[in-house]
Amino acid sequence: MTITPGAATTASPAPALSSDALTGKRRVAFAAYVDENYLPGFLALLRSLALSNPGVCEDFVVLHDDLRPGSIARIRALHPRIVLRRVNTEHYDTYKKGDQDNYLVRKAYFILDVFRLREYDTVITLDTDMVVLGDLGELLRLREGLAAVPQFFYGQHKLNSGLLVIQREYLSDAFCAELDATGRSGDYELDKHDQGILNAVLDGDFVRLDARYNFVKRRLSGDLPVPDDTAILHFTGRHKPWQGGEAGYGQAEDRWREFELSDAEFQAAYLARSGTLHHDLLVHLGTLHVARTGDVESARKVAAAHIAAGDYQDAVDILSGVHIPLDEAWPHEVLGHALMSVSRHEEAKARLLLAAAAPNRAATAYARLAQMAWVHGDDAESLRHATAGISVDPTHRSSRLWAQRAASVPEQELGGAEDQLAHVAFYMDRQGNAGDKLLPETVRLGFGPDTTSRRWHSVHAHRLFDQAALERVNARRGLVIGGGGLFIPDTMPNGNSAWQWNVPDAHLRAVDVPIMVYAVGFNAFDGQSYRAGRFRESLRLLVEKSSFFGLRNHGSIAKVRAMLPDHLHDKVRFQPCPTTVSRQLVQGWTDPAEREDTVLLNAAYDRAGLRFGHDYGHFLAEIAKAVRGIGAHTEVRCVAHSLDDERIAFDLRREHGISLPVIPMYDFDNDGIRDLYARTRLVIGMRGHAGMIPFGVGTPIISLISHPKMAYFLADIERPEWGVSVHDRNLGAVLTERATGILDRHAATVADVHERQQSLWKVTEANAADLRAILGE
């Protein structure tokens, strides 16, 4: 049987504003049918999956019809993302074959319920008499068809039971209808060896996997050893290892017994694994392990996982609950990092000074001490700590960064006039992100052509907004907040606001000049959230205090309104990012008479796991196809907004033999950034401002969507076709077709960009009139 992509369109759609719907990120789950008799096998399966693939933690759907509460509790103790789903016995009762008392028959019927899952794009089924021994990365990366291992004894046209890798086109009402029709007709063979209904429907049309992904026990008769490359060992047959086993399979059953562990043994084994441990599993198992043992190293690992996810108070709590010896530098450093992230700076300083005594942790500890001193406005102390970090490790980039910041006189401490506007923004360092470098100046252009210190008093968002800073702001005409990803929880965490402006509530309340929030975005990634109530409280106060509260896309407006009481919703309005109307804002702007025959490609790698999931290899291969296809018409160059963005050029050369020139935009000044984007014919960009900046100077764009904000912007300009998900199955072909189409119709597309931009400019002009009224101009 052939299933065409898109056959799943009858499935229930995702909510309009869900992050995965916007980014196209593939949702993956494991699934198994479990009953009380096979529960010991399933618990061993869960342990084996975690221990063999410690960096993997997807939803695990447990199909069941009779599990007791105590059994469910045992399952949940082993895995943090269990999804319980009762099987549908109605369709089972109508099928024409099978003994309802036979577990194998019930399982063959009930596993068909997996095809009724609509929440996922890829589902991997596993049997409760399996254990996972090797890497499942290949299965997680599969994107097409229905894959299985062919039956070893009964012919290559049938799939073996147990392991299925099912893609979205099979998780559809149409395919389920065909399964049900075959089941009711009785036109199939069902025995303990196969998936009778499924085999009848597929008739051999499935993707064949290597036998190591479903290596059946029967192949080891005569007590043969399990081959080293076996990824999944399947204990087919009547005699299961937890029931006493079967003669002649001793070495195979020894492998199963490696996972016959108590919960305590399992937790300890997982925490001892090397390499990358998945955040969810590490927190779930590690928290219990630390509570039971008080182990410092395990507490450090769990705390580091919390910090990576932005859960700073959780990191403080778990490390504060164990005794850390004075000479254990690394746990002190991690606890210091967590404490400074919730603004408990004196405690953090003590921990970091302890960590600085160990040569292998000293540079990082000193850099964090320098950061804290800088946040508090003590540049001399910051420079002293940063210099100490450099003396320990001359190559330590973070120490060098803080030394550069501390050695310069902050603009916010320079004198100014009463007719200035104060401006809270993230002021980017040299060689920092090019988009964030351009933003503060462009925000100022929204208030007039003078962007210099004659009119503006700079307030770095990441420095503590203390009493002195408050007094400086209140001596100005007003306060503008905008420039940089300010509504994001983890770039420069603090406990005062839980977003990027480090402002205590008391000082925010005491601002007595008009507050104007201008084109700020809600920047949480797909899979990232603001968990702290502190952010909501600070956000509400900010909205209440603001005379103008403008967000840069309607997606951000919806997210922020959802966090506010109803009476504040109308205060939240649309203000496009000023970079999108640069042609209107920059005095004396003229469009280039000629453009270079180039296409600029940008990719982003911050929070790569949230951007790509399991699909980075697919993304890279598809980009290689697109570069070759577009390159046949126009030269493709890599444009790097930050140093990390250059990775796309390195990876394309190493993996696919493609060499691209790299343009280090992080070294450009603002005029240079705008000029480069204005003179190219097309920009294919993953960063938000690799779309908004070229659009703002009149250049066509295609957005590589790995963050919801990209889709938000394209929705606002009513051009969703100018974006394609990094997870798109046919990304290379889609990019090539759209890019060459734009290049072939370039003049018309530029005119369309100008027209789209005009609609944003009208909103900006209307808002500007309101802002002038607020400021009494």
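Quick caveat: nothing in here was measured; it's all calculated off a predicted structure. Reckoned from all heavy atoms, side chains included, excluding hydrogens, waters and symmetry mates.
- The distance from the OG atom of Ser320 to the CZ atom of Arg351 is 6.5 Å, given to the nearest 0.5 Å.
- Arg397 pairs by the side-chain contact (heavy atoms from CB on, under 4.5 Å) definition with Leu643, not counting sequence neighbours.
- Using a cut-off of 4.0 Å between Lys/Arg side-chain N and Asp/Glu carboxylate O, Arg687 and Asp645 are scored as salt-bridged.
- Closest approach of Ser382 to Ala373, counting heavy atoms only: N-CB, 3.5 Å.
- Looking only at atom types and distance, the side chain of Ser642 has no donor-acceptor partner in the side chain of Asp644 under 3.5 Å away.
- Checked for salt-bridge contact, Lys762 and Glu765 miss the test: no charged N lies under 4.0 Å from a carboxylate O.
- Residues Trp456 and Phe447 place their aromatic rings such that the two centres sit under 6.0 Å apart.
- Atom CG of Leu600 is separated from atom CE of Met665 by 7.0 Å, given to the nearest 0.5 angstrom.
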Working for side-chain contact (heavy atoms from CB on, under 4.5 Å), residues Ser706 and Met686: CA-CA 7 Å; Ser706 66; Met686 191 181 299; 3.4 Å; yes
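- Salt bridge absent: Arg756 and Asp716 never bring a charged side-chain N and a carboxylate O closer than 4.0 Å.
- Closest non-hydrogen pair, Thr699 versus Ala678, comes out as OG1-CA, 3.7 Å.
- Using a cut-off of 4.0 Å between Lys/Arg side-chain N and Asp/Glu carboxylate O, Asp770 and Arg573 are scored as salt-bridged.
- Look at Asp419 and Arg455 and you find no salt bridge, because none of the NZ, NE, NH1 or NH2 atoms lies under 4.0 Å from a carboxylate O.
- Here the CD atom belonging to Gln575 is positioned 10.0 Å from the CG atom belonging to Leu551, to the nearest 0.5 angstrom.
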Stepwise side-chain contact (heavy atoms from CB on, under 4.5 Å) check, Leu438 with Phe668: CA-CA 10 Å; Leu438 183 71; Phe668 287 23; over 6 Å; no
Test log, rule side chain to side chain donor-acceptor pair (under 3.5 Å), inputs Ser556 and Asn553: CA-CA 6 Å; Ser556 291; Asn553 51 61; 2.8 Å; yes
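- Classification of the His345-His376 ring pair by plane angle, with boundaries at 30° and 60°, yields perpendicular.
- For Asn496, the side-chain contact (heavy atoms from CB on, under 4.5 Å) criterion is met by Ser343, Leu464, Asn494, Asn502, Pro504, not counting sequence neighbours.
- With values rounded to the nearest 0.5 angstrom, Asp728 atom CG is found 10.5 Å from Asp615 atom CG.
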Steps toward side-chain contact (heavy atoms from CB on, under 4.5 Å) verdict (Tyr427, Val459): CA-CA 9 Å; Tyr427 295 95; Val459 181; 5.7 Å; no
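- Not one N or O on the side chain of Arg552 forms a donor-acceptor pair closer than 3.5 Å with the backbone of Pro576.
- Between the side chains of Tyr366 and Gln371, no donor N or O sits under 3.5 Å from an acceptor N or O.
- Interatomic distance, CZ of Arg368 versus OG1 of Thr364, reported as 6.0 Å (0.5 Å rounding).
- Below 30°, between 30° and 60°, or above 60°: for His279 and His306 the angle between ring planes is above 60°, a perpendicular geometry.
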Worked verdict on Ser497 versus Phe535 for side-chain contact (heavy atoms from CB on, under 4.5 Å): CA-CA 6 Å; Ser497 69; Phe535 171 69; over 6 Å; no
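- Arg384 has a carboxylate O that lies under 4.0 Å from a charged side-chain N of Glu381, or vice versa, which qualifies the two as a salt bridge.
- Legend: residues meeting side-chain contact (heavy atoms from CB on, under 4.5 Å) with Ser341, ordered by chain and number and at least two apart, are Tyr312, His337, Pro493.
- Taken from NE2 in His641 to CG in Asp606, the straight-line distance is 12.0 Å, to the nearest 0.5 Å.
- Aromatic pair Tyr677/Phe695: ring centres not closer than 6.0 Å.
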Trace of the side chain to side chain donor-acceptor pair (under 3.5 Å) decision for Ser582 with Trp589: CA-CA 9 Å; Ser582 292; Trp589 177 270; over 6 Å; no
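- Below 30°, between 30° and 60°, or above 60°: for His554 and Phe574 the angle between ring planes is between 30° and 60°, a tilted geometry.
- Under the 30°/60° scheme for interplanar angles, the aromatic rings of His460 and His462 are found to be tilted.
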Verdict with supporting geometry, Tyr666 and Glu646, side chain to side chain donor-acceptor pair (under 3.5 Å): CA-CA 11 Å; Tyr666 49 79; Glu646 295 181 350; 2.5 Å; yes
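- With respect to Arg540 and Glu544, a salt bridge is recorded, a charged nitrogen being found less than 4.0 Å from a carboxylate O.
- Between Glu441 and Arg444 there is no salt bridge, since no side-chain nitrogen of the basic residue lies less than 4.0 Å from a carboxylate oxygen of the acidic one.
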